[in-house]
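First listed ligand is number 1; within each ligand, the first listed atom is number 1.
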Amino acid sequence: MATERQYSPIDRLLLQADTAMRTLLPFSGQPSRPSPALVKPDAALDETESRHIAGLMRINHTGEVCAQALYQGQALTAKLPAVRNAMEHSAEEEVDHLAWCEQRIRQLGSRPSLLNPLFYGMSFGMGAAAGLISDKVSLGFVAATEHQVCKHLDEHLQELPETDQKSRAILEQMRIDEAEHAESALDAGGLRFPAPVKLGMSLLAKVMTKTTYRV
Ligand SMILES: [Fe+2]
Ligand SMILES: [Fe+2]
């Protein structure tokens, strides 16, 4: 029999803090699926290429930090347990993405963005605020965000050198997962956001991508 576990506000706070730490501390996310990059051959990349790919993967990693925070913020304020459960599967897959991107960044001799705590805080706040308005709005927000991520992934797949099959395999699997996340948020009753809201979100995403490519 499926029962909804009852957590006290303190339990919830501790769970949130635990997830935040696991998202932000290096090497702490445990993926449930092995990285798609594992079975792909290594490419001979020169320094400029490695630095460029690391920059792209750093953007994607921060995107995953934001996704994790968004799902956590939303779970905190979602009114219906059904909404929380529907999003749990997506949130779990974001942990995989986070770990895969971090592994790849390290392989390329770089590190995740120093701005991640800042973006975690902002996304958590936005997810929680959207959840406070209504479940429909917060699910719509998730769907719009995931669509945005798909667009970025498409751009990065274009930009990656053909030879870098490892990064490519990671982004391709993420692209499949994110499209599913968007669909499940809409299926769960998410609002389809109007164009001006989407434009605002893509401007915010621009700020994120411009800063984390380098920092
Ligand atoms: Fe993701
Ligand atoms: Fe996602």
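- With waters left out, the protein N, O or S atoms under 2.8 Å from the Fe ion (ligand 1) add up to 5.
- Using modelled atom types and a 3.5 Å distance limit, the side chains of His181 and Glu94 yield a donor-acceptor pair.
- When side chains are defined from C-beta on, Leu191 does not count as touching Phe141, because their heavy atoms never get closer than 4.5 Å.
- Put simply, CD on Gln74 and OG on Ser90 are 9.0 Å apart, with the number rounded to the nearest 0.5 Å.
- With sequence neighbours excluded, the residues forming a side chain to side chain donor-acceptor pair (under 3.5 Å) with His52 are Glu159, Tyr213, listed by chain and number.
- Taking the side chain to side chain donor-acceptor pair (under 3.5 Å) definition, one finds that Asp154 meets it with Arg175, sequence neighbours left out.
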Please tabulate, one pair per line, all N/O donor-acceptor pairs under 3.5 Å involving side-chain atoms of residues 60-73, not counting sequence neighbours.
{"residue": "Asn60", "atom": "OD1", "partner": "His156", "partner atom": "ND1", "Å": "3.2"}
{"residue": "Asn60", "atom": "ND2", "partner": "Leu56", "partner atom": "O", "Å": "3.1"}
{"residue": "Asn60", "atom": "ND2", "partner": "His156", "partner atom": "ND1", "Å": "3.1"}
{"residue": "His61", "atom": "ND1", "partner": "Asn116", "partner atom": "ND2", "Å": "3.4"}
{"residue": "Thr62", "atom": "OG1", "partner": "Arg58", "partner atom": "O", "Å": "3.1"}
{"residue": "Thr62", "atom": "OG1", "partner": "Asn116", "partner atom": "OD1", "Å": "2.8"}
{"residue": "Glu64", "atom": "OE1", "partner": "His97", "partner atom": "ND1", "Å": "3.3"}
{"residue": "Gln68", "atom": "OE1", "partner": "Gln72", "partner atom": "NE2", "Å": "3.4"}
{"residue": "Tyr71", "atom": "OH", "partner": "Glu146", "partner atom": "OE2", "Å": "2.7"}

